Amino acid sequence: MTDQANPPAVKKLFIKTYGCQMNVYDSQRMAEAMGAEGYVLTEDQADADMVLLNTCHIREKAAEKLYSDLGRLKPLKAEKPDLKIGVAGCVAQAEGEEIVRRMPLVDLVVGPQTYHRLPAMVRGEAPAIVTDFPEEDKFDHLPARRATRRAPAAFLTVQEGCDKFCAFCVVPYTRGAEVSRPVDRILREARDLVDRGVREITLLGQNVNGWHGLGSEGEWGFGRLIRALAEIEGLDRIRYTTSHPNDMADDLIAAHRDIPQLMPYLHLPLQSGSDRILKAMNRKHTAAQYLRLIDRIREARPDIMLTSDFIVGFPGETDQDHQDTLRVVAEVNFGTAFSFKYSPRPGTPAYERPEVDGPVADERLQELQALLTKQQKAAQEGMVGRTLGVLFEKPGRKAGQMIGKSDYLHSVFVDAPQAQVGDLVQVRIVESAANSLHGELVA
Ligand code: 5AD
Ligand code: SF4
């Protein structure tokens, strides 16, 4: 029988990604690693030979989603006993064997530091549960990023893990200690992405601005890395996330002033505007220090848009503390921000502390979100009449329409029948809709 008559069966992989952008990047890399094993991605879970759930552990709700999704997979597994089900990411790291005990339909459990071993696990050449923190660098063991043309915007992980130990946060336990990838690897990966059509790179790390590494003239900080990346011909836009206020070094602030490719957008979590709560959270800065930092960043790049993360109802938070948060938010005026109700995470220092009453925390969350939504709307409306760069990422639903991201990361819809995905164009913003902008090409 010829190969043509009996082609090798293509195996299909369905990946669901929960949580942060680090996970989006990890899912892409796992898809590439499994691609070398003959798996192609499918968007249809029912059609898959393997389902991989790449999980997030940051809040309880995020972890619970995994178990309800696994429950929903039971009928599919009953129908297709050969279906492989894998759990990756931070819940895998934190709960390990417990996942298989609770959900025996799970075949594989792989932590975020060991996903390069996934192909061997699927082949049965490695244990079914791998959640150690290995000495080896997973990036050395992953296949080169696929030699196909890529979407115009890509993620690139430069740093992983966190040494900050905020009292509420599981990341230092699930992602481990801070590790920075070496300069030459990052530059090589960035050049490679640009060669494949990428024009915008978002540098990723749990504490990305804490990145440091040995470069040509000795130790480099994150600002120096951005300067080196900006020299890559064809790399038009650089972004980074997520940063800690205490790692906003002078050189990084100066990079926002000097480097046009560095987009005028900064996500800088504050968590609370109360010094008492910031101290209890182990954030190691005050509200006034944060405000001073914002002043310096705005001096360097006056048009920068700031975004943030907040937690309400942290143990011990009083109404006065909450008012302090509202006051600081009003003073900074954020472009957008995420706000969460505190979720006690086992193993973190704040876990045992007495909680704020649920309804009180709910009310505070609503109040904060109302203020942040107002600021987000005003920031978006402030774009109307301005001319901004927009990088087209995909065609819109309407004929001739393109959807792209502005310098400030807003989605922008533009009628541009001649344009192609990957075009970076100047657009005059004409309208602000609920979660997007509409604009016209500037001739
Ligand atoms: N409860 C609520 N929010 C949390 N975050 C991290 N840990 C918790 C927790 N235990 C939020 C922080 C962080 C964002 C990624 O998630 O605001 O910046
Ligand atoms: Fe978690 Fe704090 Fe580290 Fe951010 S800086 S990952 S909130 S411990």
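Given the structure is predicted, the values throughout are model-derived calculations rather than measurements. Just so you know, ligand 1 is whichever comes first in the structure, and atom 1 is the first atom listed for that ligand.
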So Phe334 and Phe310, ring-ring contact (aromatic ring centres under 6.0 Å, His included) or not? Walk me through it.
-> CA-CA 12 Å; Phe334 291 99; Phe310 292 93; 5.7 Å; yes
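Under the side chain to side chain contact (heavy atoms under 4.5 Å, CB included) criterion, Arg224 pairs with Ser216, Glu217, Trp220, Arg227, Ala228, Asp251, sequence neighbours left out. Judged as a side chain to side chain contact (heavy atoms under 4.5 Å, CB included), and not counting sequence neighbours, the contacts of Arg301 are His256, Pro264, Asp303, Ile304.
Summarising the geometry, atom CG belonging to Leu203 is positioned 9.5 Å from atom OH belonging to Tyr240; distances are rounded to the nearest 0.5 Å. Taking CZ from Arg239 and CG from Leu266, the interatomic distance works out to 11.5 Å, rounded to the nearest 0.5 Å. One finds the OH atom of Tyr115 at 11.5 Å from the CG atom of Leu52 (value rounded to the nearest 0.5 Å).
Between Tyr408 and His410, the ring planes lie tilted relative to each other; the angle falls in the 30° to 60° range.
With salt bridges taken as basic N to acidic carboxylate O contacts below 4.0 Å, none links Glu160 and Arg181.
Taking the ring centre of Tyr67 as origin, the terminal cationic atom of Arg102 falls inside the region bounded by 6.0 Å and 45° from the ring axis.
Looking only at distances, no side-chain donor or acceptor of Thr17 sits under 3.5 Å from a matching main-chain atom of Asn54.
Near-neighbour remark for atom 3 (Fe) of ligand 2: protein N, O or S atoms under 2.8 Å are Cys162 SG; waters not counted.
Ligand 2 places these atoms under 4.0 Å from at least one heavy atom of Phe168: 7 (S).
Using a 4.0 angstrom heavy-atom cutoff, Arg175 does not count as in contact with ligand 2.
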Check: every ligand 1 N/O to protein N/O pair under 3.5 Å:
from: ligand 1; atom 1: 1 (N); to: Ser343; atom 2: N; distance (Å): 2.9
from: ligand 1; atom 1: 10 (N); to: Phe168; atom 2: O; distance (Å): 3.0
from: ligand 1; atom 1: 10 (N); to: Ser343; atom 2: O; distance (Å): 2.8
from: ligand 1; atom 1: 16 (O); to: Arg59; atom 2: NH1; distance (Å): 2.9
from: ligand 1; atom 1: 17 (O); to: Gln271; atom 2: OE1; distance (Å): 2.6
from: ligand 1; atom 1: 18 (O); to: Gln271; atom 2: NE2; distance (Å): 2.9
from: ligand 1; atom 1: 18 (O); to: Asp309; atom 2: OD2; distance (Å): 2.6

